[in-house]
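Labels below follow one simple rule: chain letters A, B, ... track the order of the sequence lines, proteins then strands, and each chain is numbered from 1. Quantities reported herein were computed from a predicted structural model and do not represent experimental measurements. When reading the values below, keep in mind they use all heavy atoms of this one structure, side chains included, and skip hydrogens, waters and symmetry mates.
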2 protein chains.
Amino acid sequence: MTDDTQRTRQSPTADELRIWRGFIETAQALNARLASRLHEESALSPGDYSVLLALSEADGRRLRSSELADAVGWERSRLSHHIRRMEGRELIRRDDCAVDYRGAEVVLTDHGAQAFRSASVPHLRAVRELFIDALSPGQLDEVERFTAALSARLTPKN
Amino acid sequence: MTDDTQRTRQSPTADELRIWRGFIETAQALNARLASRLHEESALSPGDYSVLLALSEADGRRLRSSELADAVGWERSRLSHHIRRMEGRELIRRDDCAVDYRGAEVVLTDHGAQAFRSASVPHLRAVRELFIDALSPGQLDEVERFTAALSARLTPKN
DNA sequence: CACATCTGATTGACACGTCAATCATGCACC
DNA sequence: GGTGCATGATTGACGTGTCAATCAGATGTG
């Protein structure tokens, strides 16, 4: 038992490390491939896509900054920087918020909505080709189970 | 058959998208957690760690820039920028290469070697805690199989 | 009302990553 | 031995991400 607890706290074995590296590198490569396709086909970054998706689904195609930040899971300051750049490309617009003059509303422009529409289908197709179709239905279920296991281990902070 | 080919080219279902998002977000969260631990414990970024690891394992703790780039799997320019920053912190040093005056050699400093040594054990322990110990041995094998499947789908360019 | 404090959001500084351009050396061929 | 191209590496510009500081408007308490 002391053996077990000790073993569990030691460094991974070579096999375990290989699997770990395979996992993390594959995930990154997958992300990179999808990002590059998205960029080629739509001149959007993954960040742009997330923001446009959230706004597309929002009532009146507009959200308070903080709601948008929650929707995409970003920190405020990250969103603020990104929004500034997207505003420059006229994908979104910033309005003052009538009910709270501290707040700002982010509004999807027509151009932004159009950009999202044309990006969406090829992007989803790429997800299917590169992820879903690469795995058997059984493997997909396994993926779900072990991402759940990893998430559970991750959520207790630190 | 037309049905099948069509279905396979369409957008993912809601279930499939959920699994996809879970996968990609978990991988990112895992990376982020490991990066933040590494930074707290050692004041190193993941990039720093990769570079130091490669140099630690190299003959004479030194590598030509291009060999180092291959070892860590980076583009030259990315390595060049990173190396400049690491040189500022005296983790590595750049020497001129005697056999080819175009080339540069990157050398691990004593300080860099020390930084890597103290980062390594806690980092590997974190990998064990957050990844390996979160999964059953059977799940680890599944992970290996499906990262292989994803990689295979990824390697044919585009 | 006055003041402190909380909160929504932005900013600046800096690390990181990619792409295209550049620069210097090596090398092959006439 | 010059000319031209290939190669090793760096640079600059710019998008992206984090952290700490800041700012302005909201709010509660005397």
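Evaluation of atom-type donor-acceptor distances gives no pair under 3.5 Å for the side chain of R78(B) against the base of dT18(C). Between the side chain of H81(A) and the base of dT18(D), a donor-acceptor pair under 3.5 Å is found.
One atom, CZ of R37(B), and another, C1' of dT18(D), lie 20 Å apart when rounded to the nearest Å. Taking atom CD1 on I92(A) and atom P on dA9(C), their separation rounds to 13 Å, with Å as the unit. W74(A) has its CH2 atom 8 Å from the P atom of dT16(D), to the nearest Å. We find that CG of L68(B) is positioned 15 Å from P of dG8(D), with the value rounded to whole Å. Rounded to an integer number of Å, the gap from CD of Q28(B) to P of dT16(D) is 15 Å. Computed from coordinates, the R102(B) CZ to dA6(D) P distance equals 13 Å when rounded to whole Å. In this structure, NE2 of H39(B) is placed 10 Å from P of dA20(D), rounded to the nearest angstrom. Going from atom CZ of R76(A) over to atom P of dG17(D) covers 18 Å, rounded to whole Å.
Contact between the side-chain N/O atoms of R84(A) and the OP1/OP2 oxygens of dA9(C) is not found at any separation under 4.0 Å. Contact between the side-chain N/O atoms of S66(A) and the OP1/OP2 oxygens of dA9(C) is found at a separation under 4.0 Å. At least one side-chain nitrogen or oxygen of R64(A) sits closer than 4.0 Å to the OP1 or OP2 atom of dA9(C). Between dT16(D) and R85(A), a contact under 4.0 Å exists linking OP1 or OP2 to a side-chain N or O.
Listed here is the closest heavy atom pair of R64(B) and V99(B): NH1-CG2, 4.1 Å.
Using a 4.0 Å cut-off between a side-chain N of Lys or Arg and a carboxylate O of Asp or Glu, R94(A) and E105(A) do not qualify as a salt bridge.
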Test salt bridge (Lys or Arg N to Asp or Glu O under 4.0 Å) on R153(B) and E129(A); report intermediate values, then the result. CA-CA 8 Å; R153(B) 182 68 59 118; E129(A) 283 175 19; over 6 Å; no

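Two residues, L79(B) and R89(A), neighbour DNA chain D, and the one matched to the more 5' nucleotide by heavy-atom proximity is L79(B). Closest-nucleotide positions on DNA chain D for H82(A) and V99(A) were compared, and the one nearer the 5' end corresponds to H82(A). Nearest-nucleotide positions on DNA chain C place E67(A) closer to the 5' end than the other of E67(A) and S77(B).
Residue-environment remark: CD (Q28(B)) exceeds the threshold of 12 foreign heavy atoms within 6.0 Å. Other residues, nucleotides and ligands place no more than 12 heavy atoms under 6.0 Å from the CD atom of E90(A).
Nucleic acid contact class of S65(B) (heavy atoms, under 4.0 Å, all strands): sugar-phosphate only.
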